[in-house]
Amino acid sequence: MTAVAAPAATRVNDFAIKLANVNGTGSASANSLVMEAIFRMGVPVSGKNLFPSNIQGLPTWYEIRVNHSGFVGRVQRYDLAVAMNAQTIERDIAEVTSAGFVLYDSTFPLDSRLFREDVTYLGIPLARLCNEHFDRARDRILMKNIAYAGALVALLGIEPQVLDVLLDDKFARKLQLRQANHLALQLGMDYARDTFDCPLPIQVRRMPSSESILIDGNTAAALGCVYAGATVAAWYPITPSTSLMDAFTRFCERFRRDPETGRNNYLIIQAEDELAALGIVVGAAWNGARAFTATSGPGLSLMNEILGLAYYAEIPAVLIDVQRTGPSTGMPTRTQQSDILECAYASHGDTKHILLFPGNPFECFEFAARSFDLAERFQTPVIMLSDLDVGMNDWVVPKLTWNDAYIPDRGIVLDADMLERLQAFHRYSKLDAEFVAARTLPGVSPLGAYFARGSGHTEDGVYTEFPDEYQKVVDRLAQKHAAAARHMPEPVIERREGARIGLVTVGGCDLAVREAIHNLDQIGVQAGYMRVRGFPFGRSVQAFLDEHERILVVEQNRDAQLRTLLTLETAVNKSKLGSVLAYGGYPLSAEPVVDAVLQLEGS
Amino acid sequence: MTAVAAPAATRVNDFAIKLANVNGTGSASANSLVMEAIFRMGVPVSGKNLFPSNIQGLPTWYEIRVNHSGFVGRVQRYDLAVAMNAQTIERDIAEVTSAGFVLYDSTFPLDSRLFREDVTYLGIPLARLCNEHFDRARDRILMKNIAYAGALVALLGIEPQVLDVLLDDKFARKLQLRQANHLALQLGMDYARDTFDCPLPIQVRRMPSSESILIDGNTAAALGCVYAGATVAAWYPITPSTSLMDAFTRFCERFRRDPETGRNNYLIIQAEDELAALGIVVGAAWNGARAFTATSGPGLSLMNEILGLAYYAEIPAVLIDVQRTGPSTGMPTRTQQSDILECAYASHGDTKHILLFPGNPFECFEFAARSFDLAERFQTPVIMLSDLDVGMNDWVVPKLTWNDAYIPDRGIVLDADMLERLQAFHRYSKLDAEFVAARTLPGVSPLGAYFARGSGHTEDGVYTEFPDEYQKVVDRLAQKHAAAARHMPEPVIERREGARIGLVTVGGCDLAVREAIHNLDQIGVQAGYMRVRGFPFGRSVQAFLDEHERILVVEQNRDAQLRTLLTLETAVNKSKLGSVLAYGGYPLSAEPVVDAVLQLEGS
Amino acid sequence: MPSITKPLVPLLDLPRNSIGLTQREYEGAMSTLCAGCGHDSITAALVQALWELDVQPHMIAKLSGIGCSSKTTAYFAGTAHGFNSVHGRMAAIATGAAAANRDLLYIGVSGDGDSLSIGLGQLIHAMRRNVRLMYVIENNGVYGLTKGQFSASADLGAVLKHGQKNLYAPIDPVGVGLAIGATFLARSFSGDKQQLIPILKAAAMHRGFALVDVLSPCVTFNDHEGSTKSYRYMRQHEVQATEADFIPFRTEVTASIPSGGVQSVTMHDGSVLHFRAAPPDYDPTDRVSVMRYLQERHEAGEVVTGVLYVDEEAPSLHELTNTTETPLVKLPHEALCPGSEALERLQRSWM
Amino acid sequence: MPSITKPLVPLLDLPRNSIGLTQREYEGAMSTLCAGCGHDSITAALVQALWELDVQPHMIAKLSGIGCSSKTTAYFAGTAHGFNSVHGRMAAIATGAAAANRDLLYIGVSGDGDSLSIGLGQLIHAMRRNVRLMYVIENNGVYGLTKGQFSASADLGAVLKHGQKNLYAPIDPVGVGLAIGATFLARSFSGDKQQLIPILKAAAMHRGFALVDVLSPCVTFNDHEGSTKSYRYMRQHEVQATEADFIPFRTEVTASIPSGGVQSVTMHDGSVLHFRAAPPDYDPTDRVSVMRYLQERHEAGEVVTGVLYVDEEAPSLHELTNTTETPLVKLPHEALCPGSEALERLQRSWM
Ligand SMILES: Cc1ncc(C[n+]2csc(CCOP(=O)(O)OP(=O)(O)O)c2C)c(N)n1
Ligand SMILES: Cc1ncc(C[n+]2csc(CCOP(=O)(O)OP(=O)(O)O)c2C)c(N)n1
Ligand code: SF4
Ligand code: SF4
Ligand SMILES: [Mg+2]
Ligand SMILES: [Mg+2]
């Protein structure tokens with residue numbers, strides 16, 4: 001069948017497409033190629049990879065959202081679907097908006113039951129084209145992907161030369177592959193141009209390029225650790241945190257090798273499990289190194305005991321939890337924000353931790369670096385809660401910057417001279433207004449020795465079982481944690497004239513919630529916006545809660561964990577707090593937020 | 001110096017004494033001997049063992065509280081101190097009430113700095129007496145303890161024949177030891193009678209004996225597990241839970257050995273760590289056995305990951321957490337109630353568990369048995385939170401009873417016939433009004449097979465990554481947990497006419513809080529009483545909170561963990577909730593509770 | 001991958017075992033592993049071994065941890081209960097299951113990451129308790145499911161696609177088993193079904209804990225040049241120490257056992273396991289000589305396969321703990337609850 | 001217990017080592033262990049060994065887990081930093097510490113429960129990484145601090161005071177170390193200071209991970225008749241495979257080395273470790289023969305003590321990972337932070 005020009009009006013730089021593939025067929029690179037091309041045309045775009053916890057043969061999707069105003073959060077329906085997976089084609093076609101498009105491989109006839117009156121089908125004989133032009137079986141499979149990418153270039157009006165450049169960069173050193181890719185791309189473009197009237201009503205048009213970059217949160221966080229001066233890293237592989245350590249390793253190989261000696265100014269240990277990973281970090285931090293680990297839910301649970309040790313023995317430790325869908329193994333390749341409560345109070349006994357909540361890769365870089373300052377200043381574990389969406393998907397964010405005047409905040413660390421001058425060194429007694437005690441590093445001098453322990457201890461670190469001595473120390477720990485509030489990153493707040501409702505959210509929900517607020521504004525409904533970025537909460541968080549009659553806490557978990565934390569750790573009256581919960585494992589989109597606000601307004 | 005009869009008026013069955021010793025010198029048996037004797041005279045008594053996390057040479061105390069009205073919670077000052085430990089004698093004497101008594105070994109002169117004008121010193125040459133009458137070094141040390149016990153018998157007016165019986169029972173099969181003990185006891189008694197005018201104003205007088213027993217919570221809990229039909233137990237040694245598994249082992253050897261074959265109807269495994277211990281329990285429970293483990297804080301933290309697995313795969317598992325002072329290793333031999341929050345939400349992702357809070361050994365027996373019914377009915381982990389005070393100290397409680405008509409609640413378990421009749425078996429879809437699904441046990445029949453997994457699954461237990469299928473199951477889990485509220489033990493509530501203040505507490509705080517309410521009543525201040533005994537909370541908990549203007553939550557931790565749970569899981573307005581927190585590691589006493597209420601009344 | 005061909009052949013003409021079942025009844029769900037993954041060959045071998053053993057499929061209990069390898073419990077014995085638990089703890093969970101019901105056949109499937117890193121402590125202690133459990137390690141030297149990091153069994157100096165080099169000596173589960181007194185240790189290769197099947201059968205019949213370390217190439221992350229877990233390497237370096245040739249009593253085919261250098265071990269259930277020793281002096285019951293032989297071959301760069309060590313004398317967990325014959329799960333409550341009178345009596349001493 | 005005699009002797013007349021310190025400076029807090037506990041004798045040996053090694057006490061880092069044994073890090077080198085961590089994870093924590101600062105002397109003290117049950121995985125993997133760490137197991141076959149349950153090193157058939165019998169074969173850390181390629185394995189007895197001290201010195205100088213398994217009777221829970229961890233048993237069954245006789249280069253006293261059957265190993269720092277082999281053919285560098293010998297002696301009911309295996313060739317963690325000579329903790333921020341320009345350059349490819 002030939003293309004029927006869709007009745008829909010032209011929509012420039014404002015559409016969403018979904019690419020449905022089978023994992024392990026090499027579609028990933030083709031998909032990101034399209035997304036990157038759009039990015040290079042200066043158009044705000046996002047690419048979300050919905051991949052299975054499997055290596056080959058299961059369904060995988062890639063969603064591209066293009067939006068001139070920067071609202072590139074996830075949507076739930078698509079203007080165009082590239083349907084390359086027979087297992088899911090029915091669902092995939094069903095998700096196309098009315099008057100939308102379906103691109104499929106017409107080498108094989110499409111099951112008639114899959115036809116919809118209200119969408120346009122763009123059949124392209126991808127398999128046939130590739131079989132005609134490529135000999136190696138491997139190429140025939142891989143190049144199908146590049147071919148549909150080529151077709152999209154034509155259909156969406158993407159500038160072909162942008163792709164030429166991309167391919168040339170990508171395969172700079174691989175002539176043969178480069179040629180193959182160019183050919184496949186051309187095949188798709190030509191076929192589309194010859195067969196359909198291109199571009200479709202949904203199309204891309206160059207915008208003035210901004211100073212932004214395309215980066216995923218794990219890469220950014222790893223870079224933050226490098227810049228903060230982390231020297232020891234220990235980890236145990238787990239999706240979706242693995243790529244963070246991979247990136248840290250790459251950056252260290254590039255930036256941390258002594259030019260003269262060729263020796264490494266870092267040490268990364270792939271531990272035997274997460275207990276060891278955090279143990280290594282705690283040992284290194286006790287010894288004075290900036291050390292961190294990255295993990296996800298199951299690893300976090302295994303780290304509970306040692307987190308309590310670090311809290312009580314007052315040892316800095318940085319832990320990055322890239323959250324995924326729980327409980328238990330859950331859905332390892334789906335996103336969620338469901339470790340908030342466990343992170344806040346991890347371990348038995350009375351414990352409280354410092355948390356950071358980056359909302360995008362830019363903040364992953366910034367907060368990762370900041371974690372080390374906070375951990376060392378307050379001599380306690382700091383947990384940065386990222387998630388799969390923020391950590392593994394490519395985001396368009398402002399260029400990262402670094403202030404070369406930065407000096408690491410090591411907190412109160414006494415050196416040999418200070419110890420000399422000091423009358424006596426009390427490891428665990430309040431030394432500053434923020435209830436922090438002075439620490440020393442092993443090897444400093446005979447005067448600096450103390451005994452770190454997770455057992456009851458006096459202000460000198462001596463073992464005790466006397467209530468008063470024990471309480472002195474644990475009371476200070478509570479005060480210390482409270483004092484950290486002043487040092488947390490401020491929440492992002494956008495007040496709106498006459499808004500009775502305030503939307504409070506966290507992390508990667510950012511874009512979708514902003515979009516919701518924008519859409520609500522279009523229909524004359526106002527809502528304030530706050531995204532918390534650290535725990536303990538500071539004054540501004542309290543202020544925002546107080547300013548609004550009703551609060552809706554938007555988060556990606558079943559049990560309203562952020563709402564829980566706000567209920568417990570601010571003075572807010574919980575009856576004021578409502579929830580918008582999205583926890584199916586996909587990144588948040590604006591619709592449910594809009595609906596919830598309207599419902600509340602209605603009531 | 002000779003005894004000056006204290007001016008104080010005679011106080012019958014209402015006093016407290018503290019025995020200060022060095023651990024590893026065999027004082028424990030002598031101390032409990034005195035306490036048991038008082039118990040056998042029908043007088044309400046408690047004996048609290050404040051021992052160090054050490055095997056030999058550190059301070060250890062034993063506190064005996066005698067109170068005719070049954071208020072035998074801990075006190076902070078003592079009418080009589082037996083000062084046998086030079087390391088702590090200063091503190092020990094300081095804690096004696098004015099007009100109180102100090103019993104010490106006068107073989108060696110007492111440091112004059114230890115003299116107080118307002119107390120009476122009872123010097124007894126214990127070492128000399130024992131050296132004169134015993135030859136073996138071991139006896140000379142051990143018998144000193146029995147000798148001061150003898151002195152106390154005379155000084156407190158305990159019936160000697162009660163002790164004769166006790167010793168005869170105790171050393172029924174050990175003639176020589178029996179004689180030695182009798183002799184030492186006599187030496188102490190005689191010396192006291194000859195030297196001081198006995199009995200002292202603080203004295204014991206027989207009361208009509210009630211149907212009560214003397215028992216510790218760990219023994220009672222172990223017995224509860226035996227009666228509930230637990231067949232598999234796995235554990236890793238940790239104070240203060242160890243004695244629970246020791247007792248379970250003893251009871252099994254006694255009650256679970258097949259008379260004919262001599263084979264065991266149980267299997268107890270000392271695991272390599274707590275991860276394995278809970279793993280073994282989960283494996284056994286998946287297979288249909290009633291299985292449990294007992295641990296304390298550090299073990300609980302290590303069990304976090306597998307708790308999440310049991311929650312999500314819906315496997316019954318009983319965990320008894322005998323709480324101790326945290327965080328980390330903390331004070332292993334001191335009590336606290338600081339695992340409440342971790343137990344309620346243990347593991348990453350969205351999880352919620354069923355909790356039981358016994359307040360004394362009687363309830364340890366009852367709730368331990370009940371845990372298995374709840375775990376199997378709701379196919380989820382059940383955590384019973386005991387603590388060191390309840391678990392390891394001897395309590396006077398009503399005799400335990402068992403209803404022989406009891407039938408274990410196995411929940412919905414399909415057998416081969418049911419499976420035959422059933423159209424199809426859906427492991428994870430709601431089957432009853434309480435959102436519980438049907439389960440089957442391995443080996444039942446080819447129709448009953450299902451795949452248990454901690455990864456995302458459909459209502460049939462099939463792996464899924466689709467949001468809707470995933471949510472169906474986790475939503476049901478939340479509803480199931482809520483439905484369990486109806487099955488929790490009711491809170492213990494005592495309303496008081498015109499009480500504006502309500503005291504809410506948990507576990508072993510029971511006695512001290514009741515005593516506080518009694519004392520307040522004496523001075524005309526009324527306070528209502530509620531002790532919660534299970535989570536999720538039921539209607540009655542909400543009702544009590546609503547009925548009172550102000551609520552004081554009395555608990556033994558720093559961070560007000562019960563108050564936190566009430567704030568989150570009831571509709572109460574948290575501004576109404578105040579706290580009384582005692583977390584130094586010693587059992588609660590009434591004083592701080594009285595003070596807090598008066599302060600609140602004052603304001 | 002048996003489960004994939006499932007739809008094609010009609011059931012009728014398939015051969016049946018002595019309990020009247022075809023191999024189909026021992027198959028499971030369709031595999032979702034990579035085409036060519038060694039793990040699927042092991043699944044196929046398990047299917048045939050179980051079929052040949054005439055076990056009732058629903059009397060099998062399958063347990064695993066987390067990993068590509070651990071997924072395979074879903075791909076055989078579809079009418080048996082399965083438990084895909086958490087990473088590294090399967091040995092403990094299987095121990096509990098075996099404790100509760102001694103009547104089932106327990107098959108644990110794990111990976112080298114699951115067993116030799118995070119789960120090493122649990123594995124060793126399960127071996128030490130001699131829990132009756134066939135424990136198969138699908139050993140590929142990498143963490144497949146997390147995309148190919150080195151596992152603790154990766155070869156010293158092995159190189160990953162993206163150039164990373166392994167710095168640490170590999171942990172050999174058989175060596176560890178020997179050191180801590182394991183009672184059944186075997187090694188095989190996923191590509192050698194003919195050897196693997198009898199080994200799996202022997203393991204299934206073993207009295208206690210039977211460890212079967214099966215080298216199983218990861219075609220996606222670890223089947224390249226130089227990997228000692230690759231098909232190529234195994235084909236070149238495999239040395240069969242012993243060929244297990246397993247004969248259940250009910251079908252005496254002693255005829256098939258060749259004479260000379262034959263070493264026989266009677267399994268706890270009376271069936272007999274015959275070893276044809278490659279080196280005529282190889283004695284799989286003598287720990288010391290086994291250690292020496294393996295160490296020597298290892299230094300010669302060879303991978304010794306076969307049933308390498310067996311001790312059928314050592315009692316299993318239930319025997320050690322003297323538990324009753326009846327599975328604990330089958331005991332009626334009356335047999336477990338002492339009742340009110342006993343409670344009354346017991347409390348006298350506490351009054 | 002050295003720390004207990006502390007107040008008595010005036011410092012002056014005590015002998016001083018080459019850096020002018022008396023043994024006092026190597027002592028720590030007063031022990032709170034039971035009188036007669038083997039652990040205290042090990043503490044005493046450590047004090048003397050460290051003194052003889054002329055190490056600056058504050059350049060020592062002491063780490064331990066939880067247990068009576070783990071408490072002993074408080075009883076020596078009082079001016080050194082100590083870390084009494086959590087149960088079973090010390091090996092990992094010490095690995096991290098060693099990673100951060102390669103200039104300190106790391107001494108880990110643990111127990112058999114801490115190391116062979118809950119901590120077994122961590123211990124094995126620390127050995128595998130060959131972290132430079134002297135790891136002392138104060139091995140008494142029981143969990144002392146929790147009042148005497150059996151540990152994984154308890155003897156098969158051993159009986160506790162209250163009659164319980166151990167059903168499982170003991171795990172021997174030396175055997176496990178041999179199986180997984182550890183590079184320094186020694187065993188000694190707390191009651192034999194003369195042998196223990198040179199072994200501890202050798203372990204301290206070892207290039208990588210040095211495991212010292214010291215049988216250390218628990219007089220309270222495990223020193224009774226029939227316990228192979230008792231003083232009586234050790235005195236009867238100890239067989240010295242090798243006597244370590246350690247001579248740092250700076251003080252060549254070769255005179256004291258007898259000729260004949262002497263086996264010398266040069267430690268990574270150039271100092272030499274001499275072994276006088278009890279069985280003349282004993283070669284502590286040949287893994288296979290070591291395995292055989294130990295297995296044989298074990299079956300003969302003997303406990304072989306001495307430095308049982310050494311490999312000074314194997315590179316340690318820092319060598320394997322090629323980290324810089326300067327301890328990582330001493331690197332200035334400039335050496336670690338690439339700076340804004342590099343960030344600028346890096347991001348070009350992402351625009
Ligand atoms: C506690 C925990 N940590 C990490 C992971 C992530 N993870 C899943 S599978 C796996 C390793 C699998 O390797 P292996 O056992 O060798 O199986 P393979 O995929 O190679 O067959 C890891 C680290 C997890 N699921 N749980
Ligand atoms: C996670 C955890 N589980 C259990 C304990 C309790 N615990 C303290 S010491 C110890 C065993 C000590 O045995 P070992 O290491 O042999 O030392 P020993 O006392 O015999 O010298 C145990 C189980 C703990 N502290 N932490
Ligand atoms: S990744 Fe490797 S181990 Fe996993 S399925 Fe593919 S081939 Fe098999
Ligand atoms: S209990 Fe045993 S190990 Fe612990 S201090 Fe006493 S003797 Fe030593
Ligand atoms: Mg693997
Ligand atoms: Mg021990």
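Numbers restart at 1 for each chain; the letters A, B, ... are given by sequence-line order, proteins then strands.
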Between [X] and chain C, which part of the residue has a heavy atom less than 4.5 Å away: side chain, backbone, both or neither?
X      : result
B/S209 : neither
B/T231 : both
B/V281 : neither
B/I315 : side chain
B/R254 : side chain
B/Y312 : neither
B/A228 : backbone
B/E260 : neither
B/P442 : both

In Å and rounded to the nearest 0.5 Å, what is the [atom1] to [atom2] distance from [X] to [Y]?
X      : Y      : atom1 : atom2 : value
B/N265 : C/L331 : CG    : CG    : 5.0 Å
C/I93  : B/L275 : CD1   : CG    : 10.0 Å
C/R89  : B/E305 : CZ    : CD    : 6.5 Å
C/S349 : B/L214 : OG    : CG    : 10.5 Å
B/L309 : C/F83  : CG    : CZ    : 4.5 Å
B/I268 : C/T321 : CD1   : OG1   : 10.0 Å

Counting C-beta onward and ignoring hydrogens, is there a side-chain heavy-atom pair between [X] and [Y] closer than 4.5 Å?
X      : Y      : value
B/Y463 : C/K71  : no
B/L441 : C/V329 : no
C/Q347 : B/E211 : no
C/W350 : B/D394 : no
C/C337 : B/W402 : yes

Check the angle between the aromatic planes of C/H81 and B/W286 and answer parallel, tilted or perpendicular using the 30° and 60° thresholds. perpendicular
Against chain C, work out which of [options] has the most heavy-atom pairs shorter than 4.5 Å and name it.
options                        : answer
B/T440, B/I306, B/I215         : B/T440
B/V462, B/D273, B/D258         : B/D273
B/D169, B/I269, B/T219, B/I407 : B/I269
B/A276, B/A234, B/S212         : B/A276

Heavy-atom closest pair, residues [X] and [Y]:
X      : Y      : value
B/Y227 : C/G339 : OH-O, 2.7 Å
C/H333 : B/G229 : CE1-N, 4.1 Å
C/A97  : B/N287 : O-ND2, 2.8 Å

Would you give me the side-chain donor-acceptor pairs under 3.5 Å for residues 443-455 of chain B, sequence neighbours excluded?
{"residue": "B/S445", "atom": "OG", "partner": "B/L447", "partner atom": "N", "Å": "2.9"}
{"residue": "B/R453", "atom": "NE", "partner": "B/G461", "partner atom": "O", "Å": "3.1"}

C/N322 (side chain) donor-acceptor with B/G262 (main chain) under 3.5 angstrom: yes
Shorter than 4.5 Å, heavy atoms on both sides: which option in [options] has the most such pairs with chain B?
options                      : answer
C/A61, C/S85, C/S64          : C/S85
C/E344, C/R129, C/Q56, C/M59 : C/R129
C/I60, C/T73, C/T95          : C/T73

With only heavy atoms counted, which part of [X] is less than 4.5 Å from chain B, the side chain, the backbone, both or neither?
X     : result
C/P57 : neither
C/A99 : both
C/I66 : neither

Just one of C/L346, C/L343, C/L336 clears the side-chain contact (heavy atoms from CB on, under 4.5 Å) bar with B/F255, so which one? C/L346
Report, in residue-number order, which members of residues 113-124 of chain C are under 4.5 Å from chain B by heavy-atom distance. C/G121, C/Q122
